[in-house]
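What follows is a short report on a single structure.
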Amino acid sequence: MSKPKVIVTRRWPEAVEKKISELFDATLNTEDTPLSVADLQDAMRTTDAVLCTVTDRMTAEVLSVDGRRAKILGNFGVGFNNIDIEAAKAEGLVVTNTPEVLTDCTADIAMTLLLSVARRTGEGERHLRGGEWTGWRPTHMMGAKVTGKKLGIIGMGRIAQAVAKKAYSGFDMKIAYYDPYLPDPDSVNKAFDAESCGSIEAVLADSDFVSLHCPATLETRHLMNAERFKAMQPYAFLINTARGDVVDEAALVAALKAGTIAGAGLDVYEREPEVTRELLEMENVVLLPHLGSAALETREGMGFKVVANVEAFFSGKEPPNRVA
Ligand code: DGY
């Protein structure tokens, strides 16, 4: 029997590409060039599985292409807002994602941003490398203390709980959160001595740090807007490792300029890879290029999850991480 034909839309870790080439009749993207809409449509027409990732816009226009051969999209990423899920369902396409393997790494990046922005490490490094450091002095580059402060969390899923665990047990932080969909709030409240809040505003009201962990949906688009920034404290910092759409970037810039909040640590942006110019010029903002899951072991883990999903599908079994 011939092997299923698959296409991998970007470069994946070497060990994963090797495995994919062994198992399938695979087309790899050795140049790592992003695929255009026409390329993605072609992939849907000519392969059995499209192994896409969070930067591929799998819109209705791509998914409902005439003469489609693909039956499954194996998304490399836990977030799948790059895929029009309703269109995929309407087309009878199976869609899978890569949860769990990236939970700790993404939480680590949230903590990195939190610590960096509070203790001004990016600014300090730029200062030193720029040859501006004249030596230690009692009032030099004072930041905000992290240990013992209050961390407000919006969306209390796997990654958020990993952040809460690190913040609570490693930094003695107080945890408050808002998540109307959390299945078992009691166990979370108990694990982190956490306060479950009835509204986003209640979390924002007295948190020193606010970390976002909700998926990008129509409901969460611009969840952090001008009003919500006003509900935060002027000494508070915003951390975003979720999705750029959750924050109104123009409102964030305005809040930072006005001193409505103290700073921000961002790994994701509204129009990636474009970053609002004013943010690049602000010292109280730490900016990372969507590095949440960017550790070799994690990226390999994500790739092997896609392999497991696609393999299961072609063996007639239910893919373990099916989202549509
Ligand atoms: C995801 O998996 O959704 C991330 O944004 C990429 O790690």
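When a ligand or atom number is given, it counts from 1 through the structure's own listing order. Just so you know, these numbers come straight off a predicted model, no measurement behind them.
Of the possible donor and acceptor atoms, one in the side chain of D48 sits under 3.5 Å from a partner among the backbone N and O of K5. With hydrogens and angles disregarded, no donor-acceptor distance shorter than 3.5 Å links the side chain of D56 to the backbone of M58. Within the 3.5 Å criterion, the main-chain N or O of E91 finds a donor-acceptor partner in the side chain of R68.
In summary, E311 and K19 do not engage in a salt bridge, as defined by a charged side-chain N under 4.0 Å from a carboxylate O. Between D104 and K166 there is a salt bridge, with a side-chain nitrogen of the basic residue lying less than 4.0 Å from a carboxylate oxygen of the acidic one.
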Which pairs of N or O atoms, one from ligand 1 and one from the protein, are separated by less than 3.5 Å, and what is the distance for each pair?
unit_1   : atom_1 : unit_2 : atom_2 : d
ligand 1 : 2 (O)  : V78    : N      : 2.7
ligand 1 : 3 (O)  : V78    : N      : 3.4
ligand 1 : 3 (O)  : G79    : N      : 2.8
ligand 1 : 3 (O)  : R243   : NH2    : 2.7
ligand 1 : 5 (O)  : R243   : NH1    : 2.7
ligand 1 : 5 (O)  : R243   : NH2    : 3.4
ligand 1 : 5 (O)  : H290   : NE2    : 2.7
ligand 1 : 7 (O)  : S293   : OG     : 2.5

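A perpendicular orientation is assigned to the rings of Y168 and F192, their planes being inclined by more than 60° (bins at 30° and 60°).
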